[in-house]
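Structure, as structure tokens:
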Amino acid sequence: MTHQRHALSHAELGRLLAALSAQDFRLIGPHQRDGAITYAEITGVTDLPAGWTDEQAPGHYRLNRREDQALFAYAVGPHSWKQELFPARQPVWRAQQQGDDFTIELEEVLREKRAFIGVRACELAAMAIQDRVFTGGIAVDSAYAARRQDVFIVAVHCTHPAATCFCTSMNTGPRCAHGFDIALTELIEDGVPRYVLEVGSPAGQDLIAPLRLAPAAAESVQSADTAIAGAAASISRSLDTDGIKELLYTNAEHPGWDAIAERCVSCGNCTMVCPTCFCSSVEDTTSLDGLTAERTRQWASCFDPEFTHLARAGPSRSSTPSRYRHWLTHKLASWQDQFGSSGCVGCGRCITWCPPGIDLTEEVHAIRVTIPRDTRGTTDV
């Protein structure tokens, strides 16, 4: 799809964010905190992480200073936009005793106008996946649906992928193809950022109309396209997805799962940083005086031994190999049967934030090239 392209200066980016604030959008965007790029409420351009880039590898993440003032010269960090749409902890109901009776108050999620700033292509793909998970079936998650409404997305084409990225294998980046209201490509001129802006929706067009932006010059459009193409060409990590569902389904007993388990510590980091994992549990608490009780929904991880605990039988996946196998097989295989797509967008977070640096692309490759003859089944490899 071809979108309208406009020139946007650093100062005009500030005006664009101010225009969103003036329309009562709460701005959520990247900023530098605790040695990482995280997402939180911002007030404008001055809160964005100017002059920072990241260095990522399996089990490794560091921020480094740049010589310019680029605002988006990094890949994704430990936070994903999932935290805004499907919070790590969210109240469900609260019960209060009143004499011999009690009342139950359901938690209501109020609609709120929010603007997500700096969304990358892989993250747009992750949002689309979670939309299918939470709102695409018969049972709609009302809390997620309420949070998903009134979201304005300012995306950024990725021009600085990390060494752990493999979005090109998943067809999710680095170019933002759809799902945004406005998309930016950041270009640096004399150390100062400027942008080529693309309009992706009527809401995006309405926002920029008062700014009277000039059309992007042909050389700027060419520079932007070259930067995105260069980012795609620089991605060296890959995942062969050909026949991957059958590959994983027919190799549940592959010795590779035990080899992975020798390194996996079942910490659950991969599920916590993943932008598409959606498992949750509920926690009930009671006040010390016994008069108030609350139920809270919170993220859960299939790496937790208690995640599959059955009343009489105990955990159904009690070993580390079985838990890792379940996570990877669901993400790349059975997710396709459930939701019609892979559950992976190639963002590489699970590789970066895994303490021992387990790389799912390498593990799948290892299974693919070392399938024992008696477990090959009908898989075409």
Is any side-chain heavy atom of W257 closer than 4.5 Å to a side-chain heavy atom of I367? yes
Closest heavy-atom pair and its distance - I235, C167: CD1-SG, 3.6 Å
Would you please test Q23 and K113 for side-chain contact (heavy atoms from CB on, under 4.5 Å) and show each step? CA-CA 9 Å; Q23 294 183 22; K113 296 175 66 175; 4.1 Å; yes
Nearest 0.5 Å, please: how far is NE2 in H160 from CZ in R66? 4.5 Å
Between R94 and T103, is there a donor-acceptor pair closer than 3.5 Å when you use the side chain of the first and the backbone of the second? no
Working note: T296 + T285, criterion side-chain contact (heavy atoms from CB on, under 4.5 Å); need CA distance, chi angles, decisive distance, verdict. CA-CA 8 Å; T296 303; T285 58; 5.6 Å; no
Between P78 and W353, what is the shortest heavy-atom contact and its length? CD-CZ2, 3.4 Å
Would you say NE2 of H330 has more than 12 non-hydrogen atoms from neighbouring residues, nucleotides or ligands within 6.0 angstrom? yes
Is there side-chain contact between H60 and E55, with heavy atoms separated by less than 4.5 Å? yes
Side-chain heavy atoms under 4.5 angstrom apart, residues restricted to Ile, Leu, Val, Met, Phe, Trp, Tyr: same cluster for Y324 and I244? yes
Please confirm whether the backbone N or O of V345 pairs with a side-chain atom of T172, one donor and one acceptor, at under 3.5 Å? yes
So, is the end of the R120 side chain (NZ or CZ) under 6.0 Å from the ring centre of Y74 and within 45° of the ring's axis? yes
Tell me, yes or no, whether the heavy-atom count around Q98 atom CD, taken from other residues, nucleotides or ligands under 6.0 Å, exceeds 12. yes
Of T276, T271, L248, which is the lone residue that meets side-chain contact (heavy atoms from CB on, under 4.5 Å) with K331? T276
With heavy-atom distances below 4.5 Å as the criterion, would you say the side chains of C347 and E123 are in contact? no
Could you check if a side-chain atom of R132 sits within less than 4.5 angstrom of a side-chain atom of I129, using non-hydrogen atoms only? yes
Between E186 (side chain) and L71 (backbone), is there a donor-acceptor pair under 3.5 Å? yes
For ring-ring contact (aromatic ring centres under 6.0 Å, His included), just list the numbers for F339 and F278, CA-CA rounded to whole Å, side-chain angles, deciding distance to a tenth of an Å, and then say yes or no. CA-CA 13 Å; F339 306 112; F278 59 86; 5.8 Å; yes
Have Q222 and T226 got a donor and an acceptor in their side chains that come within less than 3.5 Å? yes
So, does Q83 use its side chain to make a donor-acceptor pair with the main chain of Y39 at under 3.5 Å? yes
At what distance, to the nearest 0.5 angstrom, does CZ of R349 lie from SG of C354? 15.5 Å
Could you give me the CA-CA distance, side-chain angles and deciding distance for H10 and Q69, then say whether side chain to side chain donor-acceptor pair (under 3.5 Å) is met? CA-CA 10 Å; H10 181 73; Q69 292 300 301; over 6 Å; no
Is it true that the NZ or CZ of R65 lies under 6.0 Å from the centre of W52's six-membered ring and within 45 degrees of the ring axis? yes
Test W335 against V133 for side-chain contact (heavy atoms from CB on, under 4.5 Å), laying out the working first. CA-CA 10 Å; W335 201 297; V133 170; 4.0 Å; yes
Does H254 use its side chain to pair, donor to acceptor, with the backbone of T370 at less than 3.5 Å? yes
Salt-bridge test for E107 and R297: reply yes if a basic N is under 4.0 Å from a carboxylate O, no otherwise. no
Within a strict 4.5 Å, meaning less than it, do heavy atoms of the F180 and L124 side chains meet? yes
Would you say the side-chain atoms of Q336 pair up with the backbone N or O of L332, donor to acceptor, closer than 3.5 Å? yes
Of T164, D54, D359, the one forming a side chain to side chain donor-acceptor pair (under 3.5 Å) with T352 is T164
In Å, rounded to the nearest 0.5 Å, how long is the span from CG of L48 to CD1 of I42? 4.5 Å
Give a yes or no answer on whether the side chain of R368 reaches the backbone of D240 with a donor-acceptor pair at less than 3.5 Å. yes
Is a side-chain donor or acceptor of R325 paired with a backbone partner of A252 at a separation under 3.5 angstrom? yes
Nearest-0.5 Å distance, CH2 of residue W299 to SG of residue C274: 9.5 Å
Hydrophobic clusters here meaning ILVMFWY residues chained together by side-chain heavy-atom distances under 4.5 Å, can you tell me if L207 and I28 are in one? no
Answer with yes or no whether the hydrophobic clustering places L328 together with V265; edges join I, L, V, M, F, W, Y residues whose side-chain heavy atoms lie under 4.5 Å apart. no
Distance (rounded to the nearest 0.5 Å) between F166 CZ and C122 SG: 10.0 Å
Name of the residue among R114, R26, R111 meeting salt bridge (Lys or Arg N to Asp or Glu O under 4.0 Å) with D150: R111
Q97 side chain to G99 main-chain N or O, any donor-acceptor pair under 3.5 Å? yes
With clusters defined by side-chain heavy atoms of hydrophobic residues (ILVMFWY) lying less than 4.5 Å apart, directly or transitively, does V364 cluster with I351? yes
Could you grab the distance from atom CE of M170 to atom OG of S341, nearest 0.5 Å is fine? 9.0 Å
Could you tell me if the side chain of D225 sits less than 4.5 Å from the side chain of V196, heavy atoms only? no
Atom of A145, atom of V140 and distance for their closest heavy-atom approach: CB-CG1, 4.2 Å
Smallest separation among heavy atoms of D68 and G191, with atom names: CB-O, 3.5 Å
So does Q149 have more than 12 non-hydrogen atoms from other groups sitting under 6.0 Å from CD? yes
Passes side-chain contact (heavy atoms from CB on, under 4.5 Å), L85 versus M127? Steps please. CA-CA 9 Å; L85 302 173; M127 287 187 207; 4.3 Å; yes
Can any side-chain N or O of D181 pair as donor or acceptor with the backbone N or O of A203 at less than 3.5 Å? no
Membership question, hydrophobic clusters at under 4.5 Å side-chain separation (ILVMFWY): are F25 and I117 in the same one? yes
Which word best sums up how the rings of F134 and F86 line up, parallel for under 30°, tilted for 30 to 60°, or perpendicular for over 60°? tilted
For residues I260 and P321, determine if any side-chain heavy atom of one lies less than 4.5 Å from a side-chain heavy atom of the other. no
Flag if over 12 foreign heavy atoms under 6.0 Å of CZ, F102: no
Mind checking whether T185 and R5 have side chains closer than 4.5 Å, heavy atoms only? no
Over 60° means perpendicular and under 30° means parallel, so tell me whether F116 and W81 are parallel, tilted or perpendicular. parallel
